[in-house]
Peer 1: 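Below is a structure I'd like to ask you about.
Quick note: numbers below take in every heavy atom, side chains included, and nothing from hydrogens, waters or symmetry partners.
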Amino acid sequence: MKKLKKTAALIIAAAMCVGMNAGTVAYADTLEDEGSSSADVTATYESSETEIIYSVDITWGSLEFTYTEAGAQTWDPSTHTYSEAEEGGWSYEEGSNILTITNHSNSAVAGTVKCETNETYAETITLSMDYDNIVYEDSNHFSAINSTNPTTYVGYLLSDASEFALENPDGAEYVEIPFELSGDPDEFEGSVTVGTVTVKLVSATGYDSWFAFLATNYSSL
């Protein structure tokens with residue numbers, strides 16, 4: 001019986017002398033005082049709230065316009081004749097005058113679009129939005145916020161694309177704004193900058209209409 005107890009004691013002592021690996025507590029062959037070991041328990045909380053990912057396409061046409069002076073002649077090589085413009089006017093390639101803003105985010109976004117004529121040409125040229133031909137998905141999400149001159153300053157709200165995709169998986173809410181030049185300018189050479197279009201974009205999380213957003217965020221726009 002004594003022999004068995006001695007063998008057991010040797011086994012325990014050997015176990016206490018196992019290598020000192022990281023995370024392992026080792027003691028001497030004999031314990032003169034009571035031994036103890038402790039470790040902190042850590043925890044991480046992951047919220048179920050979905051992360052907002054912003055992705056907005058702002059697509060610009062070339063915004064290049066040409067003014068043709070009244071009486072200008074254009075050569076037609078097929079008939080060997082000139083055609084004459086009876087009146088002066090502005091022209092552009094199809095689609096080149098359009099700004100498109102598309103919201104692919106899982107949050108609503110809002111903002112403003114503003115166009116300004118360069119002071120150098122303001123007396124003879126006017127840059128403006130073709131307001132009557134603006135294209136948008138929902139009239140509640142688009143409104144002129146400057147009723148005295150909606151052709152130069154408008155606001156927009158584009159809804160959450162994840163909600164929009166429920167009815168149209170391949171779609172996203174967008175607004176298309178065409179611009180135009182008017183006036184009878186003095187002659188100038190080459191290509192000149194006659195105006196500027198500026199887009200402002202902000203988050204509209206939690207808003208489902210432009211009017212609700214405008215009520216609390218007008219000053220930030």
Side-chain angles (χ1 to χ4, degrees), residues 46-66 90-119 122 125-183 193-221:
E46 293 187 358
S47 173
S48 61
E49 184 176 351
T50 303
E51 181 183 4
I52 295 177
I53 305 297
Y54 289 101
S55 176
V56 180
D57 291 339
I58 299 178
T59 306
W60 299 91
S62 66
L63 300 182
E64 295 178 348
F65 295 80
T66 299
W90 293 95
S91 62
Y92 51 85
E93 292 186 4
E94 184 177 357
S96 65
N97 65 322
I98 294 177
L99 161 68
T100 304
I101 306 171
T102 307
N103 183 27
H104 298 286
S105 313
N106 60 334
S107 167
V109 296
T112 57
V113 178
K114 181 180 182 180
C115 65
E116 297 177 285
T117 305
N118 190 316
E119 290 184 3
I125 299 175
T126 299
L127 169 63
S128 61
M129 300 177 192
D130 184 2
Y131 186 77
D132 292 336
N133 289 308
I134 290 176
V135 177
Y136 49 92
E137 290 292 336
D138 185 339
S139 59
N140 288 328
H141 287 181
F142 185 89
S143 174
I145 60 177
N146 181 350
S147 58
T148 59
N149 195 0
T151 61
T152 60
Y153 188 68
V154 296
Y156 64 90
L157 185 146
L158 302 175
S159 66
D160 182 336
S162 65
E163 297 177 0
F164 191 87
L166 294 176
E167 295 183 2
N168 183 3
D170 296 325
E173 194 159 85
Y174 67 92
V175 58
E176 289 183 354
I177 302 176
F179 299 90
E180 56 187 1
L181 291 179
S182 58
T193 300
V194 297
T196 304
V197 177
T198 303
V199 177
K200 188 169 185 179
L201 179 70
V202 296
S203 170
T205 302
Y207 295 93
D208 59 3
S209 77
W210 169 248
F211 304 104
F213 176 82
L214 186 63
T216 54
N217 294 276
Y218 179 78
S219 59
S220 66
L221 295 175

Peer 1: Nearest 0.5 Å, what's the CD1-CG distance between Ile125 and Leu181?
Peer 2: 6.5 Å

Peer 1: Working to the nearest 0.5 angstrom, can you tell me the gap between Tyr174 OH and Tyr156 OH?
Peer 2: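 Between Tyr174 OH and Tyr156 OH, I get 15.5 Å after rounding to 0.5 Å.
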
Peer 1: Could you state the interatomic distance from CZ (Phe179) to OG1 (Thr151), rounded to the nearest 0.5 Å?
Peer 2: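 Spacing of CZ (Phe179) from OG1 (Thr151) equals 10.5 Å.
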
Peer 1: Does the side chain of Trp90 reach to within under 4.5 Å of the side chain of Asn97, using non-hydrogen atoms?
Peer 2: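 The answer is no, as the side chains (C-beta and beyond) never meet within the 4.5 Å cut-off.
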
Peer 1: Can you tell if the side chain of Leu214 reaches within under 4.5 Å of the side chain of Tyr207, non-hydrogen atoms only?
Peer 2: no

Peer 1: Sort out for me which residue in Val175, Leu158, Ile101 forms a side-chain contact (heavy atoms from CB on, under 4.5 Å) with Tyr136.
Peer 2: Val175

Peer 1: Could you walk me through whether Tyr92 and Ile98 pass side-chain contact (heavy atoms from CB on, under 4.5 Å), step by step?
Peer 2: CA-CA 11 Å; Tyr92 51 85; Ile98 294 177; over 6 Å; no

Peer 1: For residues Phe65 and Val194, determine if any side-chain heavy atom of one lies less than 4.5 Å from a side-chain heavy atom of the other.
Peer 2: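 Phe65 vs Val194: side chains apart.
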
Peer 1: Identify the two heavy atoms, one from Ser159 and one from Glu173, that lie closest to each other, and give their separation to 0.1 Å.
Peer 2: N-OE1, 2.6 Å

Peer 1: Please examine the side chains of Leu99 and Ile58, heavy atoms only from C-beta on, and report whether any two atoms are closer than 4.5 Å.
Peer 2: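 Yes. Closest side-chain heavy atoms under 4.5 Å.
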
Peer 1: Have Ser105 and Asn103 got a donor and an acceptor in their side chains that come within less than 3.5 Å?
Peer 2: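 Distance-only check passes for Ser105 and Asn103.
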
Peer 1: I'd like to check the salt bridge (Lys or Arg N to Asp or Glu O under 4.0 Å) partners of Glu116; sequence neighbours left out, ordered by chain and number.
Peer 2: Lys114

Peer 1: Compare all side-chain heavy atoms of Asn106 with those of Ile52 and state whether any distance is below 4.5 angstrom.
Peer 2: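 Result yes, sub-4.5 Å side-chain heavy-atom pair found.
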
Peer 1: With no hydrogens and no angle check, is any side-chain donor or acceptor of Glu176 less than 3.5 Å from a backbone partner on Val135?
Peer 2: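 Absent.
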
Peer 1: For Thr205, what residues pass the side chain to side chain donor-acceptor pair (under 3.5 Å) criterion, not counting sequence neighbours?
Peer 2: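 Side chain to side chain donor-acceptor pair (under 3.5 Å) check on Thr205 returns Tyr54, Ser107, Ser203.
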
Peer 1: Cut-off 3.5 Å, no hydrogens considered: what does the side-chain donor-acceptor table look like for residues 127-134, sequence neighbours left out?
Peer 2:
unit_1: Asp130; atom_1: OD1; unit_2: Asn133; atom_2: ND2; d: 3.2
unit_1: Asp130; atom_1: OD2; unit_2: Asn133; atom_2: ND2; d: 2.7

